[in-house]
Student: 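Dropping a structure here in structure tokens format, bear with me for questions.
Every chain is numbered from 1 and lettered A, B, ... according to where its sequence line falls, protein lines coming before strand lines.
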Protein chains: 2
Amino acid sequence: MNMVKKPESQAGKVRKGSTGWMLKILCTSLDAEMSDELRRLGLNLGQFAVLMTLSEAEGLTQSEIGKKITMPGYATTRTIDALEEKRFVERRKDNRSRRSYRIYLTDQSRKVVPQLFAVVGKVNEHLLSALTPKEQKDFMKILQKLVLSRTE
Amino acid sequence: MNMVKKPESQAGKVRKGSTGWMLKILCTSLDAEMSDELRRLGLNLGQFAVLMTLSEAEGLTQSEIGKKITMPGYATTRTIDALEEKRFVERRKDNRSRRSYRIYLTDQSRKVVPQLFAVVGKVNEHLLSALTPKEQKDFMKILQKLVLSRTE
DNA sequence: TATTGTTATACTCTATAACTATA
DNA sequence: TATAGTTATAGAGTATAACAATA
């Protein structure tokens with residue numbers, strides 16, 4: 001066999017010790033889990049993000065939604081097109097600016113939102129179940145700090 | 001104005017308190033940073049992952065590489081095609097199985113690998129710089145535990 | 001002039017499944 | 001029959017830039 005295995009090489013340490021690498025693995029795994037759950041509701045991750053944002057504050061404009069979830073304009077347009085076609089959101093004329101729409105949930109999607117919360121809860125719970133209560137608390141606190149440091 | 005803002009709604013808590021959501025935000029941010037750095041070296045994230053894997057153990061088959069980084073066969077083929085075209089890897093006949101190749105770095109890519117380590121180091125350092133030394137240690141430990149729980 | 005939203009277009013990524021050649 | 005690797009092909013996602021309407 002001609003495989004050259006370096007004795008717990010520098011590379012091994014770089015990779016396994018890399019915070020970014022570990023975050024990536026976790027994210028890939030979580031994305032797959034979320035996508036599976038959402039597929040059953042006929043949604044993809046982008047559509048899910050928009051619905052979650054609206055469940056927090058309805059009547060946002062498209063650009064406000066896009067900004068909240070860092071989704072570019074063209075993608076926001078198409079995601080909302082898809083959600084509108086499924087009757088999950090509604091575009092209403094803005095009564096202040098005639099070039100903006102305000103986006104609202106529908107009766108149909110309001111029934112789905114609790115299921116979205118449930119999915120989020122389930123996936124988070126599954127993730128955190130590997131940790132002790134103290135670790136869970138530490139982890140959340142650190143994540144909040146990191147997210148803040150990257151978004152301001 | 002017809003925006004309906006719910007008073008720090010259930011949804012707000014679900015979203016902001018969601019570990020998965022925060023992980024996603026971090027990952028997106030890190031991916032963008034990594035991609036920017038790698039673009040200068042003419043690499044994308046998939047190619048980077050393959051090179052890092054090879055820098056740890058050369059002479060793997062394509063399917064072994066794909067398995068290590070959870071990349072499907074068709075993507076592994078194409079990533080290695082692209083790397084081969086850039087003279088960053090070399091396919092050598094396996095001397096045991098005539099249907100497998102063994103993949104090796106080249107002199108050229110061996111010069112690039114230290115730069116890859118440097119990029120990883122830089123991005124990790126930037127990420128962790130928002131945390132105290134104690135938090136950094138806790139964070140790494142927790143991530144290792146979580147990755148382990150998801151990959152076995 | 002700048003902004004909101006849309007669209008044409010191209011390009012990349014991802015996924016399926018069929019295929020060759022081995023084992 | 002199963003596996004390693006390749007490829008055709010289709011679909012989804014991403015990006016750029018141009019555009020109309022409006023501010």
Student: Closest heavy-atom contact between A/G20 and B/L30?
Tutor: CA-CD1, 4.1 Å
Student: Contact between A/V120 and A/M52 at the side-chain level, heavy atoms closer than 4.5 Å - yes or no?
Tutor: yes
Student: Taking side-chain contact (heavy atoms from CB on, under 4.5 Å) as the test, write out the residues that go with B/R91, two or more places apart.
Tutor: B/Q62, B/T77, B/I80, B/D81, B/E84, B/Y101, B/I103
Student: Are B/S55 and B/L116 side-chain neighbours, meaning at least one heavy-atom pair lies under 4.5 Å?
Tutor: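 Counting from C-beta outward, B/S55 and B/L116 never come under 4.5 Å.
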Student: Hey, quick one: are A/L131 and B/L148 part of the same hydrophobic cluster, counting side-chain heavy atoms closer than 4.5 Å, chains of contacts allowed?
Tutor: no
Student: Please give me every residue in residues 75-84 of chain B whose heavy atoms get under 4.0 Å of an atom in DNA chain D, ordered by residue number.
Tutor: B/T77, B/R78
Student: Any N/O pairs under 3.5 Å between the protein and nucleotides 11-13 of chain D? List them or say none.
Tutor:
{"unit_1": "D/dG13", "atom_1": "OP1", "unit_2": "A/N44", "atom_2": "ND2", "d": "3.4"}

Student: Using OP1 and OP2 only, check whether a side-chain N or O of B/S100 sits under 4.0 Å from D/dT3.
Tutor: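 No, no such contact exists.
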Student: From the options A/T106, A/L83, A/L105, select the one residue that forms a side-chain contact (heavy atoms from CB on, under 4.5 Å) with A/E90.
Tutor: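 It is A/T106, the one option of A/T106, A/L83, A/L105 that forms the side-chain contact (heavy atoms from CB on, under 4.5 Å) with A/E90.
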Student: CZ of A/R40 to CG of A/D36: how many Å apart, nearest 0.5 Å?
Tutor: 7.5 Å
Student: State whether B/R91 places a side-chain N or O below 4.0 Å from either non-bridging phosphate oxygen (OP1 or OP2) of D/dT6.
Tutor: yes
Student: Are any of the side-chain nitrogens in B/R87 or B/D107 under 4.0 Å away from the carboxylate oxygens of its partner?
Tutor: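 Looking at B/R87 and B/D107, the cut-off is not met.
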Student: How long is the line joining NZ of B/K93 and P of D/dA4, in whole Å?
Tutor: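 Whole-Å distance recorded here is 16 Å.
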Student: Only one of B/R92, B/R110, B/R102 clears salt bridge (charged side-chain N to carboxylate O under 4.0 Å, His left out) with B/E58; which?
Tutor: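 With B/E58 as partner, B/R92, B/R110, B/R102 yield a single salt bridge (charged side-chain N to carboxylate O under 4.0 Å, His left out), made by B/R110.
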Student: With a 4.0 Å cut-off on N to O distance, would you call B/K134 and B/D138 a salt bridge?
Tutor: yes
Student: For nucleotides 17-23 of chain D, give me one character per nucleotide, 5' to 3': B if any protein heavy atom sits under 4.0 Å from the base, S if the only such contacts are to the sugar-phosphate, - if neither.
Tutor: -----BS
Student: Show the nearest heavy-atom pair for residues A/F139 and B/I142, with the distance to one decimal.
Tutor: CD1-CG2, 3.7 Å
Student: Once you round it to whole Å, what is the distance between C1' of D/dG5 and NZ of B/K67?
Tutor: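 That distance rounds to 17 Å.
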Student: Between atom CE of B/M71 and atom OG1 of A/T28, what is the distance when rounded to the nearest 0.5 Å?
Tutor: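 Here the rounded value is 10.5 Å.
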Student: Any salt bridge (Lys or Arg N to Asp or Glu O under 4.0 Å) involving residues 111-126 of chain A? Give me the pairs, sequence neighbours left out, ordered by first then second residue.
Tutor: A/E37-A/K122
Student: With a 4.0 angstrom cut-off to heavy atoms of chain B, pull out the first and last contacting nucleotide of DNA chain C, in 5'-to-3' order.
Tutor: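 The contact span of chain B on DNA chain C goes from C/dC13 to C/dA23.
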Student: Rounding to a whole Å, what distance do you find between B/D31:CG and D/dA15:C1'?
Tutor: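 Rounded to the whole Å, the gap is 17 Å.
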